Amino acid sequence: MGSELWSPLPGMSDIVWPEVSLWQKVEDVTRWIMSLYGFREIRTPILERTTVFIRAIGEGTDVVQKEMFTFEDRGGRAVALRPEGTAGVMRALCAMGQDLAGSRVYYMGPMFRAERPQAGRRRQFHQIGAESLGPASPHADAECMALMSHLLAACGVRRVKIRIHTRGAMADAPQVREALVSNLRSVAPTLCLDCQRRLESHPLRILDCKQPGCRRVVESLPPLTDWMSSASREYFEATCNLLETLGVPFEVDRHLVRGLDYYEHTIWEAVHPALGAQDAVAGGGRYRIQFGDRTIEGVGFAVGVERLLLAMQGEGISADERGGAPKVWLVAVGPDALQANLVAVQRWRQAGVPCGMDVTGRSVKGQMRLADRSGARWVLVRGEEELQAGTFRCKDMTSGQDRTMAVEEIERKLLSSGTLE
RNA sequence: GUGGAUGUAGCUCAGCUGGCAGAGCACCAGGUUGUGGCCCUGGGUGUCGCGGGUUCGAUCCCCGUCAUCCACCCCA
């Protein structure tokens with residue numbers, strides 16, 4: 001059983017039938033929705049220079065500090081498996097060297113974080129993300145959230161809640177931070193140990209601490225927006241108003257801050273009740289990233305595919321157990337018929353007719369059982385006698401009726417109407 | 001990185017105080033020498049996660065280890 005030889009590494013999962021049919025459905029829906037909004041797919045490397053992530057996500061963030069799979073490649077370069085999608089996409093767009101404003105791209109693929117696995121959290125997980133580049137604009141932010149909301153709904157997820165908040169313009173960040181720290185310093189001893197540390201490193205994160213003591217302190221604080229510029233406040237208000245106009249349901253959550261350094265202005269996440277402790281099915285926000293002398297602005301989001309699937313299952317959507325059933329199943333009696341059947345299915349498959357047969361040498365009874373399980377409507381049986389006569393015994397699996405049909409007739413019907421009626 | 005739970009057949013799981021390893025489903029074969037489902041009969045398909053220890057004897061008790069799940073942390 002549990003041999004290390006064939007079990008995947010911790011937190012890595014094999015995605016197999018029938019669940020894979022749900023993945024395919026989500027991917028199809030994604031391509032469709034993204035095309036509606038004018039987003040084009042981009043595929044970037046899974047492995048990047050470590051500095052790409054450090055630059056974009058932030059040196060001191062947890063993701064960079066303790067969650068990246070990093071190593072040295074054979075050329076001595078420090079490289080990392082991507083822990084999220086935005087950094088690599090921004091790097092790629094920079095490499096293309098064009099004016100990035102107005103670029104709209106989406107991606108889907110595996111991401112890696114060296115965390116302890118739990119419900120809805122894997123070391124290799126998958127994200128569907130979208131990035132809309134251009135200068136800060138409430139319209140861009142609202143459109144992006146509308147896209148995310150549309151995508152989730154199109155996947156059949158109805159019970160999502162979108163929580164939004166603002167971090168204010170990046171230029172406001174120092175004064176917000178200072179105000180927050182000075183407000184908290186006097187009560188520091190009542191905060192949990194993590195938060196006492198955060199007071200120096202990432203004070204914003206104290207806002208989303210779940211410890212009751214910290215929560216109480218945070219509740220007594222004035223809203224973060226009080227310390228932002230009026231322009232930042234207006235930006236947030238405008239964004240909220242646009243969301244209402246667009247009919248995207250949301251609620252403002254003053255505790256939402258998110259852990260990546262590149263965010264400014266609007267940030268949000270979508271949570272679903274079917275998920276357990278890790279209940280964020282998607283998250284996003286506006287960002288500003290520096291690559292060398294280049295500054296990239298945009299807004300984007302990422303959906304956790306594993307979590308989306310959990311949410312879908314929580315909505316009663318299940319994988320298609322049957323899969324694509326073949327039209328016909330061929331049963332052979334004897335080695336000559338086996339070879340003739342193999343030739344026949346190849347012809348018909350190349351003509352676009354899905355058909356099946358057993359190639360492992362089972363008994364007729366065993367072949368019939370497989371035919372039944374495959375869901376094929378008709379079973380075509382032949383042995384020496386039928387081979388000589390150029391016929392099949394054609395069995396209708398719903399009625400159980402059995403009749404002799406000429407190979408030519410079967411082929412004509414199958415290839416023209418796809419039925420043997 | 002920290003904490004808790006779990007690990008027995010392909011799957012879901014029983015297994016008392018330590019005494020020959022079990023059930024349901026699935027699977028295979030036969031009943032039907034060329035016909036699925038339903039039915040009947042037969043078949044256990046196993047390194048009781050792994051390695052030590054205690055014991056006359058360990059799936060059971062002890063230690064270690066690995067894996068999984070859940071939670072913290074953090075995030076999708």
Side-chain angles (χ1 to χ4, degrees), chain A residues 1-13 57 61-67 82-86 108-129 148 152 192-195 197-198 202 205 208-211 256-260 267-272 275-285 300-311 329-334 337 358 362-386 392-402:
Chain A
M1 272 194 54
S3 167
E4 284 177 34
L5 278 178
W6 56 71
S7 67
L9 288 167
M12 314 260 165
S13 304
I57 301 168
T61 58
D62 281 342
V63 168
V64 164
Q65 250 177 11
K66 51 187 193 190
E67 292 171 7
R82 62 184 187 192
E84 55 96 62
T86 303
M108 34 193 184
M111 308 293 163
F112 302 83
R113 289 184 201 173
E115 299 177 282
R116 195 87 129 210
Q118 74 185 78
R121 194 170 75 183
R122 323 253 60 208
R123 287 183 168 186
Q124 175 176 336
F125 60 106
H126 298 76
Q127 285 188 340
I128 292 168
M148 183 194 77
L152 294 177
C192 70
L193 289 177
D194 280 333
C195 283
R197 221 171 302 124
R198 286 179 187 136
H202 279 76
R205 292 244 226 88
D208 66 1
C209 182
K210 287 173 198 139
Q211 299 293 324
L256 186 64
V257 292
R258 304 186 62 77
L260 276 42
I267 51 174
W268 69 87
E269 61 185 33
V271 298
H272 192 277
L275 289 197
Q278 310 301 323
D279 64 351
V281 68
F301 67 87
V303 177
V305 179
E306 283 83 355
R307 293 182 188 180
L308 173 59
L309 261 42
L310 287 175
W329 190 276
L330 277 67
V331 169
V333 186
D358 169 62
R362 286 173 198 253
S363 66
V364 172
K365 186 180 179 131
Q367 293 182 63
M368 286 303 294
R369 197 161 34 227
L370 289 186
D372 183 46
R373 273 181 221 149
S374 78
R377 173 72 193 282
W378 291 282
V379 174
L380 301 173
V381 184
R382 66 178 167 185
E384 280 310 315
E385 204 178 302
E386 290 84 359
F392 273 104
R393 293 293 301 171
C394 175
K395 182 167 186 174
D396 184 330
M397 294 298 272
T398 51
S399 66
Q401 295 290 309
D402 210 345

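Just so it is clear, the values below take in all heavy atoms, side chains as well, and ignore hydrogens, waters and symmetry mates. Just so it is clear, the model here is predicted, and its values are computed rather than measured. So you know, we letter chains A, B, ... as the sequences are listed, proteins then strands, and number each from 1.
- Within the 3.5 Å criterion, the main-chain N or O of A/His126 finds a donor-acceptor partner in the side chain of A/Glu306.
- For A/Phe112 and B/A76, the CZ to P distance is 16 Å, given to the nearest whole Å.
- Between B/C75 and B/G22, the two C1' atoms lie 44 Å apart (nearest whole Å).
- A/Asp372 has no carboxylate O lying under 4.0 Å from a charged side-chain N of A/Arg369, or vice versa, which leaves the two without a salt bridge.
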Under 3.5 Å, which protein N or O atoms sit close to an N or O of nucleotides 2-5 of chain B? Give each pair with its distance.
{"unit_1": "B/U2", "atom_1": "O4", "unit_2": "A/Arg116", "atom_2": "NE", "d": "3.1"}

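- Consecutive pairing runs in RNA chain B reach the stem threshold at B:1-7 with B:66-72, B:10-13 with B:22-25, B:27-31 with B:39-43, B:49-53 with B:61-65, where a stem means at least three Watson-Crick or G-U wobble pairs with distances under 3.5 Å.
- Test A/Leu330, A/Val381, A/Val379 against A/Phe392 for side chain to side chain contact (heavy atoms under 4.5 Å, CB included) and you get one pass: A/Leu330.
- When the C1' atom is used for both B/C27 and B/C16, the distance is 32 Å, rounded to whole Å.
- Contact of A/Arg121 with B/C70 (side chain to base): no donor-acceptor pair of N or O atoms is detected under 3.5 Å.
- A donor-acceptor pair is defined here as one N or O able to donate and one able to accept, closer than 3.5 Å; no such pair exists between the side chain of A/Arg307 and the backbone of A/Ala119.
- When the side-chain nitrogen and oxygen atoms of A/Gln118 are compared with OP1 and OP2 of B/C69, none of them lie within a distance under 4.0 Å.
- Within a 6.0 Å radius of CD in A/Glu384, more than 12 heavy atoms belonging to other residues, nucleotides or ligands are found.
- The nearest heavy atom of RNA chain B to A/Ala270 and to A/Thr398 marks one nucleotide each, and the one closer to the 5' end goes with A/Thr398.
- OP1 or OP2 of B/A76 has not a single side-chain nitrogen or oxygen of A/Gln278 nearer than 4.0 Å.
- For the OP1/OP2 pair of B/C69 and a distance below 4.0 Å, the side-chain nitrogens and oxygens of A/Arg122 include at least one atom meeting the criterion.
- Among the atoms of the strands shown, none is found under 4.0 Å from any heavy atom of A/Val305.
- Between A/Glu269 and A/Arg258, at least one side-chain nitrogen of the basic residue sits less than 4.0 Å from a carboxylate oxygen of the acidic one, meeting the salt-bridge criterion.
- Distance from the side chain of A/Pro10 is smallest for B/A67 among the nucleotides B/G36, B/C73, B/A67.
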Note to self: One character per nucleotide, please: for nucleotides 28-35 of chain B, 5' to 3', B when the base has a protein heavy atom closer than 4.0 Å, S when only the sugar-phosphate does, - otherwise.
What the structure shows: SS-B--BB
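- Using atom C1' as the reference point in both B/C25 and B/U17, the two lie 32 Å apart (nearest Å).
- The distance between atom CG of A/Asp358 and atom P of B/G36, rounded to the nearest whole Å, is 15 Å.
- Between A/Lys210 and B/C73, a side-chain N or O to OP1/OP2 separation shorter than 4.0 Å is present.
- Note on A/Gly11: only backbone sugar-phosphate atoms sit closer than 4.0 angstrom, heavy atoms only; bases stay farther off.
- Within the 4.0 angstrom heavy-atom criterion, no nucleotide atom of any strand lies near A/Glu84.
- Using a 4.0 Å heavy-atom distance criterion, A/Gly284 is classed as making no nucleic acid contact.
- Taking the side chain of A/Arg307 as heavy atoms from C-beta on, and the options B/C73, B/A76, B/C72, the nearest nucleotide is B/A76.
- Heavy-atom nearest nucleotides on RNA chain B were determined for A/Ala119 and for A/Asp208, and the one closer to the 5' end corresponds to A/Ala119.
- For the P atom pair drawn from B/G3 and B/C63, the interatomic distance equals 16 Å after rounding to whole Å.
- Atom-to-atom, NZ of A/Lys66 to C1' of B/C72 comes out at 11 Å; the value is rounded to the nearest Å.
- For the C1' atom pair drawn from B/U45 and B/G24, the interatomic distance equals 16 Å after rounding to whole Å.
- The distance between atom CG of A/Leu310 and atom P of B/C70, rounded to the nearest whole Å, is 9 Å.
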Notebook entry, point to check: So A/Trp329 and A/Met397, side-chain contact (heavy atoms from CB on, under 4.5 Å) or not? Walk me through it.
Noted result: CA-CA 10 Å; A/Trp329 190 276; A/Met397 294 298 272; over 6 Å; no
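- Across all their heavy atoms, A/Pro110 and A/Arg82 have their closest contact at O-NE, 2.8 Å.
- Side-chain atoms of A/Leu260 lie closest to B/A76 of the nucleotides B/C70, B/C72, B/A76.
- At a threshold of 4.0 angstrom between heavy atoms, the contacts of A/Gly400 include nucleobase atoms, whether or not backbone atoms are also involved.
- B/U8 sits 15 Å from B/U59 when the P atoms are compared, rounded to a whole Å.
- With hydrogens and angles left out, the side chain of A/Gln211 and the base of B/C73 share no donor-acceptor pair within 3.5 Å.
- The CZ-P distance, from A/Arg205 to B/C73, rounds to 11 Å in whole Å.
- Between B/G49 and B/A9, the distance separating the two P atoms is 8 Å to the nearest Å.
- If you check every strand for non-hydrogen atoms under 4.0 Å, A/Ala371 touches nothing.
- The backbone N or O of A/Arg362 sits less than 3.5 Å from a side-chain atom of A/Gln367, completing a donor-acceptor pair.
- The separation of B/C56 from B/G15, taken at their P atoms, amounts to 28 Å, rounded to a whole angstrom.
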